[in-house]
A.B. asks: 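Below: one structure in structure tokens.
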Amino acid sequence: MNWNLYEHEKMKEVKKNNPDWIWNRGDTHVILGVPGSLEAFKTPVEPGNSFSPGPGTYGVSSWVYVDGALHAPEEKKLEDLEWGYEKGYLPLLNSSWMAGSINVHSALFTTMEDDTCRDYFTVRLKNEGEKIEEIRFYLVVRSFGASGGPVHSLKSDRKRVWINEAPMVLAKREAYAFGAVSYEKSGRDISQYLRTGTLPGETEVQDGSTWASGAMEYRLVLGAGEETEFDFGFLMHADHWLNGWMKPQKLPLDVAGKKEQYLREWEEWIRIRLQLPDKRISDALLCQLVHLYMFTVDNSVRITPVSYPLWWLRDGAYILNALNKGGFHDFSERACREIALRDAFGGFGAEGDGPSDGIWVLTEHYLLTRDKAFLEEMFPHISRRAELLMQMRRADSPVRKFTEFVIPKCMLDPNIDLMCLPAEDGLIMGRMDHGIRVFWVNGFAYMAMKRAAFCARELGVDDTVYEKEAHEIKEALQKRAGVDFGKDDRDVNSALWPAGWADRNDPLIKMRFREFWDKVRCPDGCHSPEKEWTYFEAGEAHNYLLLGEREKAWTSIEWFLQNQTAPGLYTYPEAIDGNTALLWPRTRGWDDTEFVTPHGWTAAELFHLLRDCLLREEGGRVIIGSGIPPEWENEFFEVKYMPTYFGKVSFCYNPEKKVLTVHTDEKCSAKIAHELPFEASIVRV
């Protein structure tokens, strides 16, 4: 075997030679992680809660042998595996599936202790049949899985498992037995033994091939309706040569106490409370915040860990603003400071919308916090970006900005520093996503100038230059719209949201949106979802919402609610794996890759869309119900503690009295209005 190959290539060869092994699923996954932790400490998890404690480590599975058959979630159909977060949105990952008459329920979460990340895993077995069952439960450890890596040694004292000479696994209950197998010596995998309900004879192995595998075995008898539980802890990367200082986990293992503390911490972080007639809406909205916050590394956001190990400015702007609107103001301030000096960066290098994206996030934080000291500190960075945009709009030669880190496939591209070509007709010819996207880049520039002007006024600075620039950009866009608007799919997912240059009452804009819907999104009245760049359809739906096209927006929303890459966890894909940093191939998992998931831009767009369906700002107003469906007229619903530009806003609707009661901060100066699709009077308290 060539040891210089990627792990995926090694895995492909072993998989080809051993098709009878139980292999990892590779169809989808989610990623758990302590917010701010390194990429190396995120935990990829496959359906059925088979997981790897950190990318490139090893695989963990929970299997059950009963009635002469081995049951493994890797071999179950996706629809036979229930998956969801605690209460629908707190990132304790619950999974349930059936092993004959035995219900296998597991719970997994990741936390930080003693400056190290640890996974905790609980498996509960319940006999839902009518007869006594003799059961063998296996906690399986292998070199491959959700995101495995080389395993060259295994041993256990039935309470701990040493992997690569380091104590990695701790069990609360002592196992009946432990067995391990060396692929180098036997050519076999632990799954071949467990299919017959037996363990290999060895309890300690060395394996030069690095494909060692093993299992802890528990034997038990459960009567009808009886259940039992197993708790395990996993120390991440304890086998690294620099991690000898790590404190090992100690018995007794208090997983229940750690779980309670963990959930309490997340309840503090997620302050928004929703009681809606359709629970899918509340879960989908809050799940996006959970995914995005878990993805963070230090004070940086991520599109998704491993696939995109960098802050991509455009995607990151949507993500950071979603976290900010979700109440994560402290993190958002730190993140804003991280990029204050950086005008353009990302996986494709410097792009034309970069300066505008930076202004967007800096000003969004001010709007949500009204922190004048922050604005005073950041305004030089806002004005510098605005000046760069003015330079780009008048450029007679390409404008370039070097950015250090891009994805591998772009590293030899001769134009990764290109922000824009020479200007045309008073518009920036800006690069975005391997193309010159006139309406996207200039639409964001318009929004950036309006934001710069607003901030100038807030600080008592002359706003004339910014307002003049915004006016000229808008005029140039409107002039060009008659010829080109709508030819690029990106036009209709940014014109009203978030750029705001387009007028919802402009007949041309309305016509082009209608044409896009009839030709692209819903030809012949049949919805054709965007399955590759899913964030674009979420953005389109947001724009249709602001056009007053509630039904069109809901056509897309309903698709997102019903179609998820990880059913029950509201995750979505990006088409292909071609834009990544090529790190997954360095692990033994996610080998049959067809897409990137979970995708943070889609998560952020969906959060913004669902949030604005419930409540949104427009000028000096807070508007409630722009996307609330008509069928909620006779249902109670409530939204509490939603951050807005005017402070936190809460509201509830009484269907019997047709009254919308709105609570705001005492200093809230905003007017309250509603766009509910039914009659309701507003009572402000």
Side-chain angles (χ1 to χ4, degrees), residues 89 267-279 281-289 292-293 320-333 360 363-372 374 451 454 458 497-498 500 542 545-546 550 553 557 604 606-629 632-633 635-655 657-685:
Y89 68 94
E267 289 269 21
E268 283 294 310
W269 288 337
I270 305 291
R271 296 291 186 90
I272 298 169
R273 297 291 180 265
L274 303 173
Q275 185 177 344
L276 307 177
D278 188 343
K279 192 174 185 295
I281 304 298
S282 55
D283 288 350
L285 184 149
L286 297 176
C287 274
Q288 308 316 314
L289 294 177
L292 295 175
Y293 196 41
L320 184 56
N321 286 345
L323 288 170
N324 222 340
K325 281 186 173 177
F328 293 91
H329 302 319
D330 291 343
F331 168 81
S332 298
E333 180 175 338
W360 188 24
T363 58
E364 192 78 356
H365 184 72
Y366 173 69
L367 281 165
L368 288 162
T369 63
R370 302 293 169 152
D371 183 342
K372 193 65 70 73
F374 171 84
R451 289 289 184 94
F454 166 77
E458 289 287 287
W497 156 264
H542 205 151
L545 179 74
L546 297 187
R550 192 188 312 258
I557 292 171
L606 187 58
F607 169 83
H608 287 300
L609 169 59
L610 295 177
R611 183 258 193 194
D612 280 15
C613 281
L614 300 172
L615 170 156
R616 65 184 181 89
E617 303 90 346
E618 185 180 275
R621 300 188 299 164
V622 170
I623 301 175
I624 293 169
S626 297
I628 284 176
W632 289 15
E633 180 176 7
E635 303 282 349
F636 173 85
F637 53 87
E638 183 175 44
V639 173
K640 298 177 72 174
Y641 317 128
M642 185 71 80
T644 75
Y645 297 162
F646 308 99
K648 288 186 174 63
V649 173
S650 301
F651 64 86
C652 66
Y653 171 71
N654 184 324
K657 298 182 179 180
K658 308 296 182 188
V659 170
L660 188 67
T661 303
V662 183
H663 297 259
T664 63
D665 294 344
E666 290 182 5
K667 297 181 180 180
C668 177
S669 59
K671 295 180 179 179
I672 306 296
H674 80 74
E675 290 182 345
L676 293 168
F678 43 82
E679 293 296 323
S681 58
I682 295 175
V683 175
R684 184 170 180 175
V685 295

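Just so you know, residue 1 is the first one in the sequence shown, and it goes up from there.
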A.B. asks: Taking salt bridge (charged side-chain N to carboxylate O under 4.0 Å, His left out) as the test, write out the residues that go with Asp665, two or more places apart.
C.D. replies: none
A.B. asks: Please tell me whether Asn321 and His608 have a donor and an acceptor in their side chains that are separated by less than 3.5 angstrom.
C.D. replies: no
A.B. asks: Does His365 have its ring centroid less than 6.0 Å away from the ring centroid of Phe374?
C.D. replies: yes
A.B. asks: Please find the pair of heavy atoms, one from Ala322 and one from Phe607, that lie closest to each other, and give the distance.
C.D. replies: O-CE2, 3.5 Å
A.B. asks: Could you tell me if the side chain of Glu333 sits less than 4.5 Å from the side chain of Thr369, heavy atoms only?
C.D. replies: no
A.B. asks: Once side-chain contact (heavy atoms from CB on, under 4.5 Å) is applied, do any residues pair with Pro498, and if so which ones, sequence neighbours excluded?
C.D. replies: Tyr318, Trp360, Phe444, Ser494
A.B. asks: Measure the spacing between OG of Ser332 and CG of Leu320 and express it to the nearest 0.5 Å.
C.D. replies: 4.5 Å
A.B. asks: Would Tyr366 and Lys372 satisfy side chain to side chain contact (heavy atoms under 4.5 Å, CB included), going step by step from the backbone distance to the final call?
C.D. replies: CA-CA 7 Å; Tyr366 173 69; Lys372 193 65 70 73; 3.4 Å; yes
A.B. asks: Could you pull out all residues at least two apart from Glu267 that satisfy salt bridge (charged side-chain N to carboxylate O under 4.0 Å, His left out)?
C.D. replies: Lys87, Arg273
A.B. asks: Lys658: which residues meet the salt bridge (charged side-chain N to carboxylate O under 4.0 Å, His left out) condition with it, sequence neighbours left out?
C.D. replies: Glu633
A.B. asks: Side chain to side chain donor-acceptor pair (under 3.5 Å) with Tyr653: which residues, sequence neighbours excluded?
C.D. replies: none
A.B. asks: Can you check whether Tyr645's main-chain N or O pairs, donor with acceptor, with Arg370's side chain at less than 3.5 Å?
C.D. replies: yes
A.B. asks: Please tell me if the side chains of Phe328 and Leu289 come closer than 4.5 Å, counting only heavy atoms from C-beta onward.
C.D. replies: yes
A.B. asks: What's the spacing between Arg271 CZ and Leu286 CG if we round to 0.5 Å?
C.D. replies: 14.0 Å
A.B. asks: Let me confirm one number: the CG-CD1 distance from Leu274 to Ile281, rounded to the nearest 0.5 Å.
C.D. replies: 10.0 Å
A.B. asks: I'd like to check the ring-ring contact (aromatic ring centres under 6.0 Å, His included) partners of Tyr641; sequence neighbours left out, ordered by chain and number.
C.D. replies: none
A.B. asks: Sequence neighbours left out, what passes side chain to side chain donor-acceptor pair (under 3.5 Å) with Glu675? Give chain and number order.
C.D. replies: Arg616, Ser626
A.B. asks: Minimum heavy-atom separation for Arg621 to Ile623, with atom names?
C.D. replies: NH2-CD1, 3.3 Å
A.B. asks: Tell me, with the steps shown, if Ile270 and Tyr293 meet side chain to side chain contact (heavy atoms under 4.5 Å, CB included).
C.D. replies: CA-CA 10 Å; Ile270 305 291; Tyr293 196 41; over 6 Å; no
A.B. asks: Quick check: do Leu545 and Ile557 have side-chain heavy atoms less than 4.5 Å from each other?
C.D. replies: no
A.B. asks: When rounded to the nearest 0.5 angstrom, what distance separates CG in Leu606 from CD in Gln288?
C.D. replies: 5.0 Å
A.B. asks: Under the side-chain contact (heavy atoms from CB on, under 4.5 Å) rule, collect the residues that match up with Asn654, sequence neighbours excluded.
C.D. replies: Glu656, Lys657
A.B. asks: List the atom of Leu276, the atom of Ser282, and the distance in Å for their closest heavy-atom pair.
C.D. replies: CD1-N, 3.9 Å
A.B. asks: If you look only at distance, which donor and acceptor atoms sit under 3.5 Å apart when one is on a side chain in residues 676-685 and the other is two or more places apart or in another chain?
C.D. replies:
unit_1	atom_1	unit_2	atom_2	d
Arg684	NH1	Ala670	O	2.7
Arg684	NH2	Cys668	O	3.2
Arg684	NH2	Ala670	O	3.2

A.B. asks: Among all residues two or more places apart in sequence or in another chain, which pass the salt bridge (charged side-chain N to carboxylate O under 4.0 Å, His left out) test with Glu364?
C.D. replies: Lys325, Arg451
A.B. asks: With sequence neighbours excluded, tell me which residues meet side chain to side chain donor-acceptor pair (under 3.5 Å) with Lys279.
C.D. replies: Asp283
A.B. asks: With a 4.5 Å cut-off on side-chain heavy atoms, are Thr664 and Phe646 touching?
C.D. replies: no
A.B. asks: So, for Cys287 and Tyr89, which heavy atoms are closest and what is the spacing to 0.1 Å?
C.D. replies: SG-CA, 4.1 Å
A.B. asks: Mind checking what makes side chain to side chain donor-acceptor pair (under 3.5 Å) contact with His542, not counting sequence neighbours?
C.D. replies: Trp497, Asp612
A.B. asks: Please lay out, stage by stage, how Ile628 and Phe637 fare under the test side chain to side chain contact (heavy atoms under 4.5 Å, CB included).
C.D. replies: CA-CA 10 Å; Ile628 284 176; Phe637 53 87; 3.7 Å; yes
A.B. asks: Taking the side chain as every heavy atom from C-beta outward, state whether Pro643 and Ile272 have any atom pair closer than 4.5 Å.
C.D. replies: yes
A.B. asks: Do His674 side-chain atoms and Ile624 backbone N/O form a donor-acceptor pair below 3.5 Å?
C.D. replies: no
A.B. asks: Looking at Lys640 and Ser650, what are the two nearest heavy atoms and their distance?
C.D. replies: CA-OG, 3.3 Å
A.B. asks: Measure the shortest side-chain to side-chain distance between Phe454 and Leu367 over non-hydrogen atoms and say whether it is less than 4.5 angstrom.
C.D. replies: yes
